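Worksheet for the structure shown next.
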Amino acid sequence: MVDKGNGDGKLTAKERLAIERQKMPEQDGIERSKNFEEVNLGLPEEIAIREAQRCLQCKKAACVEGCPVEIDIPGFLKLIAERDFLGAAALIRQDNNLPAVTGRVCPQETQCEIKCVRCKSGAPVAIGWLERFAADYEIAHRKGRPKTTAVKTGKKVACIGSGPAGVTCAGELAKMGHDVTVFEAFHKAGGVLVYGIPEFRMPNRIVEDEMENLKSLGVKIETNVLVGRTVTINQLMEQEGYDSAFIANGAGLPVFMKIPGENFKGVYSANEYLTRTNLMGAFQFPKYDTPIIAGRRVCVIGGGNVAMDAVRTSKRLGAEESIIVYRRAREQMPARVEEVHHAEQEQIRFEMLTAPVEVLGTEDGWVRGMTCIRMELGEPDASGRRRPIPIEGSEFLIECDLVVVAVGTSANPLITQTTPGLKTNKWGYIETDDNLMTSIPGVFAGGDIIRGAATVILAMGDGKKAAQSIDAYLNGRLRYNG
Amino acid sequence: MYEIVDKRTIGPNLTQYQIKAPRIAKARKCGQFVIVRAREHGERIPLTVADTDPETGTITLIVQTVGKSTLEMSQLKKGECFQDVVGPMGQPSHIDKFGTVVVIGGGLGTAVVLPQAIALRESGNKIISIIGARTKELLILQEQLGAVSDELILTTDDGSYGKKGLVTDALQELIDDPKVDVGAVYCAGPVIMMKFVSLLTKKYNIPTVVSLNPIMVDGTGMCGGCRVTVNGQSKFACVDGPEFDGHQVDYDELMDRLTTYRKQEQESLERFEKQHNCKLQR
Ligand SMILES: Cc1cc2nc3c(=O)[nH]c(=O)nc-3n(C[C@H](O)[C@H](O)[C@H](O)COP(=O)(O)OP(=O)(O)OC[C@H]3O[C@@H](n4cnc5c(N)ncnc54)[C@H](O)[C@@H]3O)c2cc1C
Ligand SMILES: Cc1cc2nc3c(=O)[nH]c(=O)nc-3n(C[C@H](O)[C@H](O)[C@H](O)COP(=O)(O)OP(=O)(O)OC[C@H]3O[C@@H](n4cnc5c(N)ncnc54)[C@H](O)[C@@H]3O)c2cc1C
Ligand code: SF4
Ligand code: SF4
Ligand code: FES
C-alpha cells in the first residue's frame with residue numbers, strides 16, 4: 001500500500017505505543033461555568049494527527065465491535081493520520097450521518113474506546129474526539145452539500161420526530177429515492193439535540209447544519225405538526241397518501257418523584273429547565289421573551305447526562321452553588337465520564353447516596369430546601385446495580401431555592417393513544433419486530449420510544465435500520481408478519 | 001409562517017385574529033387550544049381556538065393584551081404573520097346532554113366558553129349564559145354568546161351594567177329558581193372565579209367543568225410545567241386538560257404557580273413599552 005501525506009505507514013508499532021493520549025483543549029473550568037460557549041474546543045490538526053497515529057491499525061479491530069453502528073474506526077483514523085481529513089469524514093459518514101454529534105456526545109468510554117486494545121497499555125485512542133475533529137473539519141471545508149442522484153421511487157414516507165432517529169431514517173430514505181417528510185411538534189428541528197443537550201456541549205449550529213444537509217437531499221421538514229393531534233398517523237396514510245411511517249417521537253414524558261412539595265414554585269423537570277434555556281433561549285432573557293428562574297442554590301436530582309446538563313446549566317445561569325443529589329454512589333452514575341469530570345472542574349458539589357424525601361416551601365410558595373435521607377447500597381437489583389436503601393433516622397436538610405428533577409423520562413402516550421392498533425409494552429413503549437415494524441403494517445418505530453431513554457447513536461442505528469426495512473417494505477421485499 | 005388574514009379590535013385590550021392554519025382548522029375540536037410564537041425571539045403562549053373555518057383553512061383567536069407577548073402580537077398587522085402556530089392541543093371538551101347548562105365566562109374566559117356553548121347547544125342542551133366582568137367596558141362577546149343562549153345574564157362587580165355582583169350571585173339565583181334545573185356548569189375565567197363557582201356547585205352536586213390556564217411551554221406533555229393538582233394527583237393540563245372536573249382542582253396551588261414569573265413579566269413588559277414607545281392600557 002502506498003502512503004500519501006506524512007507517511008503514517010512509516011511509524012512502527014513501538015513508535016505508536018510511545019505516543020501518549022493527547023489532551024483536548026478546553027475552556028478554563030471557572031471561566032466557562034459563566035458562559036454557554038462550548039467546553040471542548042476541538043483538537044488542532046497536528047494534535048489530531050498525532051492522536052490518530054496512536055492507533056495500532058488492528059487487523060481485528062475490537063473498537064469497531066464496541067460501536068453500535070460499526071464505523072470503520074481504524075480506516076478513518078488512518079486517513080486522519082494521512083491528513084486526508086475530508087476522506088476520513090466521508091468514511092465515517094458511510095455508517096453515521098451525524099459524526100459531529102456522536103463525536104461529542106457518545107459514551108465512548110463504554111462503547112468504542114473501552115474496547116480499544118490500547119486500554120491495556122494506558123489510555124485508549126481518543127476515537128470520539130477524532131470523529132468530532134473529522135466532522136468539524138468537513139463542516140468548515142466542504143464544498144456544497146450532499147445531493148442524491150437516486151431515481152425517484154414515487155413512494156411517500158412520513159418520519160415523526162426530528163431527533164437523531166427520525167433524521168437518520170429520513171436521510172437514508174431520501175438517498176434511496178423516496179419522498180420523505182419529517183413532522184416535528186416543536187418550531188425547530190433536532191429533537192433532544194436542540195431542546196435538551198445544552199449549547200456548551202452540543203452547539204445548535206451543528207444541528208442546524210445537519211438539517212440543511214437533510215434538506216439538500218430533498219427531505220421536507222414540517223415543523224409545528226403535533227402528530228396525534230394536528231394529524232393522525234391514520235390520516236397521513238389514508239388521506240395524505242403516505243405509504244409508510246416511522247415513529248421516532250422520543251421518550252419525552254418527565255418523571256417526577258411523587259414526593260410532597262413538588263409543585264412549589266422553583267421545582268422544574270429537567271425537560272422544562274433545559275427547554276426554556278436551550279430551545280427558548282431563556283439564558284438570553286430579556287432578549288428572548290421566555291423567562292427562567294435561575295436559582296442561587298440549585299439542587300439537581302439524578303446522576304445521568306440530563307442531570308449533569310441541568311446542573312452545569314444552573315451554574316451558567318448564575319447559581320452560587322449547584323449540587324447533584326444522587327441516590328447511588330459515584331461509580332454508578334450513568335452520565336458520561338467526561339461530563340462528570342467537567343462538572344467537577346466547574347465546582348459542582350456532589351451529594352452521593354442521598355435521596356430527597358420532601359421539598360420544603362416558604363409561606364408564599366417558593367422552594368426553600370429539601371429534606372433528604374442518606375442511603376447505603378444493598379443487594380444488586382434488576383439493573384445489576386446495587387440497590388440503594390435508606391438509612392433510618394439519617395434525614396437532613398439541604399437549603400436551596402431551586403430544584404430540578406432529572407430522574408428519568410417515560411413514553412409520551414400522545415401518539416399511541418391516537419393510533420388504534422399500535423401495540424405498546426407495559427411501560428408504554430412501542431413494540432416492534434426485528435425489522436422495527438410495529439403492530440401496524442407499514443408503520444415502523446425506533447429510538448427512545450422503543451427503548452426508553454437511551455443514546456443518540458442507538459437512536460441513529462434504529463433510524464438507519466428502519467430505513468432499510470421501509471425500503472424493503474415499499475419494494476414488496478418485506479411483509480407484515482404480525 | 002401563519003398569515004393574519006383578519007384582525008379586529010373587539011374591546012379594550014381585546015383583539016380577534018383570523019389566522020391561516022389549514023391543518024389546525026381541519027383537526028380542531030371544541031375546547032382545544034394552540035400555542036403561538038408571534039416572533040422569532042418570542043415566547044410560546046397558549047390560546048384557545050374560538051372558532052375555525054375548515055373551508056378557508058383559518059382559525060379564530062381572541063386575545064387579551066396582558067403582557068409583553070400579547071402586546072407585541074397586537075402590533076402585528078393584517079397580512080403579516082405569526083412565526084409559529086401549533087395545535088390543536090389538549091383534550092376536546094366533554095360535551096353531553098345535561099338538560100340545562102349554565103355557561104359562565106369571566107372576563108376573557110368568555111372566549112373559552114363561547115365554543116363550548118355552541119357545542120352544548122348543538123347537542124340539545126338549553127343554555128343559560130352568564131358573563132361577568134369588573135366593569136361594563138370589560139364585558140365581551142355579549143352578542144356572540146347571547147346568540148347561542150336561551151338566556152343571557154350579565155353581571156358587573158360595580159353595577160355599571162347588568163346585574164351588580166359576581167357571577168356566583170347570578171348562579172345562586174338560578175340554582176334557587178324552582179323553574180330552572182341546572183344540569184351542569186361550564187366555567188372559564190379568573191382562577192378565583194372558577195374556585196368560587198366550583199365551591200358553590202359542589203354544595204348542590206352539580207357537575208362542573210372548568211378550563212384551566214396554567215403556564216405552558218411545549219403543550220405536548222414534555223415539560224410538566226403546566227402541572228395542576230386534580231383529585232390529589234398531578235396532571236398535565238396541556239394533555240390531560242385543559243378542562244377538568246371543577247370540584248377536584250387545587251385552585252390555590254394554581255393561583256400561586258401562575259405568579260412564578262411575575263417579576264420577569266413586569267420587566268419584559270416595561271422594556272418593550274419603552275423600546276416601542278407604547279403602553280398597555282391598564
Ligand atoms: C439533556 C439530555 C442529555 C443527553 N445526553 C446524551 C449524551 O450525552 N449522549 C447520548 O448518546 N445521549 C444523550 N441523551 C439521550 C439522547 O439524546 C436520546 O437518546 C436521543 O435523542 C433519542 O433520539 P430520538 O430520535 O429517539 O428522540 P428525540 O431526540 O427525543 O426526538 C424526538 C422528537 O420528536 C418530537 N415529537 C415528539 N412527539 C411528537 C409528535 N407527536 N409529533 C411530532 N413530533 C413529535 C419531539 O419534539 C422531538 O423533537 C441525552 C438526553 C437528554 C434529554
Ligand atoms: C389552555 C390556555 C388557553 C388560553 N387561552 C387564551 C385565549 O384564548 N386568549 C387569551 O388572551 N389568553 C389565553 N390564555 C392565556 C394566555 O396564554 C396568556 O395571557 C399569555 O401567555 C400572556 O402572555 P404575555 O407575555 O402577554 O403576558 P405575561 O406578562 O407574560 O403574563 C401575564 C400572565 O399571563 C399568564 N402567562 C404568562 N405566560 C404564560 C404561558 N406561557 N402560558 C400560559 N399562561 C401564561 C400568567 O398568568 C401571567 O401572569 C390561555 C392560557 C391557557 C393555558
Ligand atoms: S459513533 Fe460513537 S461509538 Fe461509534 S465510533 Fe463514533 S463515538 Fe464511538
Ligand atoms: S482497537 Fe484501538 S488501536 Fe486497535 S484499531 Fe481500534 S482504535 Fe486502533
Ligand atoms: S406545557 Fe409542557 S407538559 Fe404541558
Side-chain angles (χ1 to χ4, degrees), chain A residues 183-188 195-196 222-232 235 239 249-256 258 262-276 279-282 284-294 361 364-366 405 409 412-414 417, chain B residues 2 21 23-24 26-29 32 34-35 37-45 67-69 72 83-90 215 217-229 233-234 236 239 250 252-265 267-268 270-272:
Chain A
F183 293 99
E184 168 56 48
F186 268 130
H187 54 263
K188 190 165 181 170
Y195 74 71
E222 213 183 305
T223 52
N224 294 325
V225 176
L226 179 60
V227 174
R229 289 263 198 263
T230 314
V231 62
T232 62
Q235 287 168 337
Q239 295 170 15
N249 59 333
L253 207 71
V255 171
F256 285 91
K258 298 202 160 54
E262 264 185 313
N263 288 356
F264 281 125
K265 291 172 286 184
V267 182
Y268 281 118
S269 73
N271 277 359
E272 181 176 4
Y273 192 65
L274 292 169
T275 301
R276 282 182 178 270
L279 180 75
M280 303 310 297
Q284 297 183 65
F285 182 88
K287 183 179 164 214
Y288 284 73
D289 290 340
T290 303
I292 191 156
I293 305 299
D364 50 2
W366 288 94
V405 184
T409 52
N412 190 326
L414 197 61
Q417 281 170 358
Chain B
Y2 300 77
R23 279 193 183 277
I24 302 171
K26 197 169 149 213
R28 173 264 182 185
K29 295 197 181 66
Q32 292 186 302
V34 290
I35 287 196
R37 209 170 63 117
R39 289 286 179 88
E40 181 55 40
H41 290 182
E43 215 179 339
R44 291 170 67 95
I45 64 170
K68 147 103 209 253
S69 304
E72 185 171 37
Q83 182 85 26
D84 300 290
V85 182
V86 56
M89 285 158 162
I215 292 173
V217 183
D218 56 298
T220 68
M222 190 278 276
C223 78
C226 63
R227 61 195 186 277
V228 287
T229 302
Q233 287 182 326
S234 220
F236 293 179
V239 283
D250 183 342
D252 296 335
E253 179 187 273
L254 173 60
M255 269 185 267
D256 194 41
R257 286 182 63 81
L258 279 168
T259 65
T260 305
Y261 300 101
R262 189 160 280 169
K263 208 173 109 238
Q264 287 92 334
E265 286 156 2
E267 182 188 337
S268 211
E270 280 164 14
R271 193 167 169 269
F272 186 82

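So you know, we letter chains A, B, ... as the sequences are listed, proteins then strands, and number each from 1. Below, all heavy atoms of this structure are taken into account, side chains as well, without hydrogens, waters or symmetry copies. All values derive from a computational prediction rather than experimental measurement.
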- Message: Under 4.5 Å from any heavy atom of chain B, what part of A/V267 do you find: side chain, backbone, both or neither?
- Response: both

- Item | Residues forming a side chain to side chain contact (heavy atoms under 4.5 Å, CB included) with A/K258, sequence neighbours excluded | none

- So, are B/R227 and A/E262 salt-bridged, with charged N and O less than 4.0 Å apart? no

- Among A/I292, A/L414, A/T232, who wins on heavy-atom pairs under 4.5 Å with chain B? A/I292

- Message: At a 4.5 Å cut-off on heavy atoms, which part of B/L254 comes close to chain A: side chain, backbone, both, or neither?
- Response: neither

- Message: Between B/T229 and A/N263, is there a side-chain donor-acceptor contact under 3.5 Å, judged purely by atom types and distance?
- Response: yes

- Task: Please determine, among B/E267, B/K29, B/R39, the option with the most heavy-atom pairs under 4.5 Å with chain A.
- Result: B/E267

- Message: I'd like to check A/N224 versus B/V85 (side-chain heavy atoms, cut-off strictly below 4.5 Å). Are they in contact?
- Response: no

- Query: Out of curiosity, A/D289 CG to B/Y261 OH, how far, rounded to the nearest 0.5 Å?
  - Reply: 14.0 Å

- Residue pair B/V86 / A/V225, side-chain heavy-atom distance below 4.5 Å: no

- Message: side chain to side chain contact (heavy atoms under 4.5 Å, CB included) for B/K26 and A/Q235? Distances and angles first, verdict last.
- Response: CA-CA 12 Å; B/K26 197 169 149 213; A/Q235 287 168 337; 5.7 Å; no

- Task: Evaluate the side-chain proximity of B/C223 to A/Y195: yes if any heavy-atom separation is below 4.5 Å, no if none is.
- Result: no

- Query: Per the side-chain contact (heavy atoms from CB on, under 4.5 Å) rule, which among B/H41, B/Q264, B/E43 passes with A/F285?
  - Reply: B/Q264

- Task: Examine whether an atom of B/R37 lies under 4.5 Å from a heavy atom of chain A, and if so say whether it belongs to the side chain, the backbone or both; otherwise answer neither.
- Result: side chain

- Item | Contacting moiety of A/E184, where chain B heavy atoms sit under 4.5 Å | neither

- Pairs of heavy atoms under 4.5 Å with chain B: top-ranked of A/W366, A/Y273, A/F264, A/Y288: A/Y288

- Which bit of B/R44 is near chain A, if near means a heavy-atom gap under 4.5 Å: side chain, backbone, both or neither? both

- Task: Select one option (side chain, backbone, both, neither) describing which atoms of B/R23 are under 4.5 Å from chain A's heavy atoms.
- Result: both

- Item | A/L253 side chain reached by B/M222 side chain, heavy atoms, under 4.5 Å | no

- Over all atoms of both residues, closest heavy-atom pair of B/A27 and A/R229: CB-O, 3.5 Å

- Query: Heavy-atom distance under 4.5 Å to chain A: side chain of B/K263, backbone, both or neither?
  - Reply: neither

- Heavy-atom nearest pair, A/P254 first then B/G221, reads CD-O, 3.4 Å

- Task: Under 4.5 Å heavy-atom distance to chain B, tell me which part of A/T230 shows up: side chain, backbone, both or neither.
- Result: both

- May I ask you to name which of A/I293, A/V231, A/T223 has the most heavy-atom pairs under 4.5 Å with chain B? A/I293

- Note on the structure: Honestly, the part of B/Q233 sitting under 4.5 Å from a heavy atom of chain A is neither

- Value rounded to 0.5 Å, distance of CG in A/N271 from CG in B/D218: 8.0 Å

- Note on the structure: Residues at least two apart in sequence or cross-chain that pass side chain to side chain contact (heavy atoms under 4.5 Å, CB included) with B/F272, listed by chain then number, are B/K68, B/L71, B/E72, B/Q75, B/H276, B/C278

